[in-house]
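To start, the structure under review is shown below, and the notes come after it.
Counting begins at 1 with the first residue of the sequence.
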Amino acid sequence: MSFDFDATFLARLQFAANISFHILFPTLTISLGWLLFFFKRRFARTGEKVWLDMYFFWVRLFALAFALGIVSGVTMSFQFGTNWPGFMNKVGNIAGPLLGYEVMTSFFFEAIFLGIMVFGYRRVSPLVHDAATFIVAFSMTVSAFWILSLNSWMQTPAGFEMIDGKAYATDWLAVIFNPSMPYRMVHMLLASGLTAGFFMAGVAAYRWLAGHKTPVMKLSMKVGIYLAALLIPWQIMAGDLHGLNTREHQPQKVAAMEGLWETRQGAPLVLFAWPDEEARKNLYALEIPYASSMILTHDWNGAVEGLDSFKGNHPPVAPVFWSFRLMVGLGGLMLLVACVGAYQIYRRGEPNRLMLYALVPMSFSGWLATLLGWYVTEIGRQPWIVFEVMLTKEAAGPVASHWIGLTLVLYLLLYAALFWAFLWAVFVREEKGHA
């Protein structure tokens, strides 16, 4: 498979780099905000100071991740105007209001109450501080609702009509609650919970191994591992339902995920292969007979549409195929680590040393799984930017490729520096006071 490094491809690469960096932080902070509220309520109910110490340790990292999410999110809005003006010109009547609702119903509240949450503990009453923490957590969930509504509409557009080449909403409820939106929302919120759980457990394990054997770190590991063990089975079920919904509305994406080149009954599940797009077949394939039909149709001989049904209208197969398998494989590893870790904590009060070393790299497992899932979703929508409404190439702007390439390099350098600073604050910087 080859790519032409023209302006459209570079603009896609730039947006992919931007959103890959940006999505890390909301994925973490959505659920971390709710965990902070949980810590405050546990302190209020039990009076055990360790819960308050946990709040103060994790709220600093929450605020840092929140700031990085805001900074990287703002730059994407500029790209709509510079690199993708055709998108807003054609479907801006729908995309614009949804983005506006996100700002009005969540971002303003996050910005206002975050200051109280981070700096106001000794300046306001406990009730006001608890309320500020709740409002920030709730607002971040509302923000995810609007963003996922727009993204889902781009995947399964509904509730609109085209007039003179532009999209106009005819039913805002149908636009917002489009066919894939509920599945995508549940899947993303569970992903956020898993990201926060593994991140919390992994950071605490690292600091424990480094000699910071404090009650905060021990309890953080317990909360993170138990949260992950609770959510991962639900995420597997939600992922299966999301896949069935995708098969109904975007069957070519599922065909690429499964590496099925031909429509067939009793389709096999391809565990491993090297998709050859030119030859339109899989090389070195390792398959389980009939399993794909069973998973997708719940019938061993069920018919599954292949890529031959969508010639010229399906995504590049290899990146979707491999991203999906890596995501599923990582999900299996997360299930194993979470269940073993939870069992060890239940039996002996803390993970053994081998589990501690396993938890450290698993700090990033939720992030990696989320990225792989987004690559399946977004690459799997190609060649459309709005599925079967607008092609990606139709949305591209007139900016010259060398300028897009230059800004892409600058973005990558900046994001690398910011991510390194974030990791330093998480794993290296010594905490004082409550932690």
Mind checking the [atom1]-[atom2] spacing from [X] to [Y]? Nearest 0.5 Å is all I need.
{"X": "Ser309", "Y": "Glu262", "atom1": "OG", "atom2": "CD", "answer": "10.0 Å"}
{"X": "Ile236", "Y": "Leu335", "atom1": "CD1", "atom2": "CG", "answer": "5.0 Å"}
{"X": "Thr29", "Y": "Leu24", "atom1": "OG1", "atom2": "CG", "answer": "10.5 Å"}
{"X": "Ile147", "Y": "Leu99", "atom1": "CD1", "atom2": "CG", "answer": "5.5 Å"}
{"X": "Leu68", "Y": "Phe25", "atom1": "CG", "atom2": "CZ", "answer": "4.5 Å"}
{"X": "Asp308", "Y": "Gln252", "atom1": "CG", "atom2": "CD", "answer": "12.0 Å"}

ask   = Run the side-chain hydrogen bond (donor to acceptor under 3.5 Å, both in side chains) check on Thr195 and Thr27 step by step: do they pass?
value = CA-CA 7 Å; Thr195 298; Thr27 303; 5.5 Å; no

Is a donor on one side and an acceptor on the other found under 3.5 Å between the side chain of [X] and the backbone of [Y]?
{"X": "Asn245", "Y": "Pro179", "answer": "yes"}
{"X": "Thr246", "Y": "His242", "answer": "yes"}
{"X": "Gln14", "Y": "Ile404", "answer": "yes"}
{"X": "Thr370", "Y": "Gly366", "answer": "yes"}
{"X": "Arg207", "Y": "Thr214", "answer": "no"}
{"X": "Ser31", "Y": "Ala196", "answer": "no"}
{"X": "Arg381", "Y": "Thr377", "answer": "no"}
{"X": "Ser365", "Y": "Pro361", "answer": "no"}

Pi-cation contact, Tyr357 with Arg353 (under 6.0 Å, within 45°) =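 No, Arg353 and Tyr357 do not form such a contact.
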
According to the interplanar angle, ranging from 0 to 90°, do the rings of [X] and [Y] count as parallel (below 30°), tilted (30 to 60°) or perpendicular (above 60°)?
{"X": "Phe272", "Y": "Trp322", "answer": "perpendicular"}
{"X": "Trp367", "Y": "Phe199", "answer": "tilted"}
{"X": "Phe427", "Y": "Tyr206", "answer": "perpendicular"}
{"X": "Phe422", "Y": "Phe419", "answer": "parallel"}

task = Determine, stepwise, if the pair Thr105 / Phe145 fulfils side chain to side chain contact (heavy atoms under 4.5 Å, CB included).
result = CA-CA 11 Å; Thr105 62; Phe145 171 85; over 6 Å; no

Kindly check if the number of other-residue, nucleotide or ligand heavy atoms within 6.0 Å of [atom1] ([X]) is above 12?
{"X": "Phe109", "atom1": "CZ", "answer": "no"}
{"X": "Tyr343", "atom1": "OH", "answer": "no"}
{"X": "Tyr183", "atom1": "OH", "answer": "no"}
{"X": "Lys90", "atom1": "NZ", "answer": "yes"}
{"X": "Tyr290", "atom1": "OH", "answer": "no"}
{"X": "Glu388", "atom1": "CD", "answer": "yes"}
{"X": "Arg348", "atom1": "CZ", "answer": "yes"}
{"X": "Trp172", "atom1": "CH2", "answer": "yes"}

Any side-chain donor paired with an acceptor under 3.5 Å for [X] and [Y]?
{"X": "Asn301", "Y": "Ser293", "result": "no"}
{"X": "Ser143", "Y": "Glu102", "result": "yes"}
{"X": "Gln382", "Y": "Thr392", "result": "yes"}
{"X": "Gln155", "Y": "Asn178", "result": "no"}

query = So among Val317, Leu296, Val304, Leu307, which one has a side chain to side chain contact (heavy atoms under 4.5 Å, CB included) with Glu258?
reply =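 So the option named by the test is Leu296.
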
task = Please test Arg280 against Lys311 for side chain to side chain contact (heavy atoms under 4.5 Å, CB included), starting from the C-alpha separation and ending with a verdict.
result = CA-CA 11 Å; Arg280 300 189 67 80; Lys311 290 183 179 180; 4.2 Å; yes

task = Would you sort out whether Glu350 and Trp208 count as a side chain to side chain contact (heavy atoms under 4.5 Å, CB included), showing the intermediate values?
result = CA-CA 11 Å; Glu350 63 185 60; Trp208 188 271; 4.0 Å; yes

[X] vs [Y] side-chain heavy atoms within contact, under 4.5 Å:
{"X": "Arg325", "Y": "Val270", "value": "yes"}
{"X": "Phe57", "Y": "Met217", "value": "yes"}
{"X": "Val103", "Y": "Trp146", "value": "no"}

task = Please step through ring-ring contact (aromatic ring centres under 6.0 Å, His included) for the pair Phe21 and Tyr411, ending with a clear verdict.
result = CA-CA 10 Å; Phe21 181 78; Tyr411 274 132; 9.9 Å; no

task = Assess whether side-chain hydrogen bond (donor to acceptor under 3.5 Å, both in side chains) is satisfied between Thr133 and Tyr55, documenting all intermediate values.
result = CA-CA 10 Å; Thr133 303; Tyr55 180 91; 3.0 Å; yes

query = Does the side chain to side chain contact (heavy atoms under 4.5 Å, CB included) test come out yes or no for Val186 and Leu241, once each step is laid out?
reply = CA-CA 10 Å; Val186 171; Leu241 292 174; over 6 Å; no

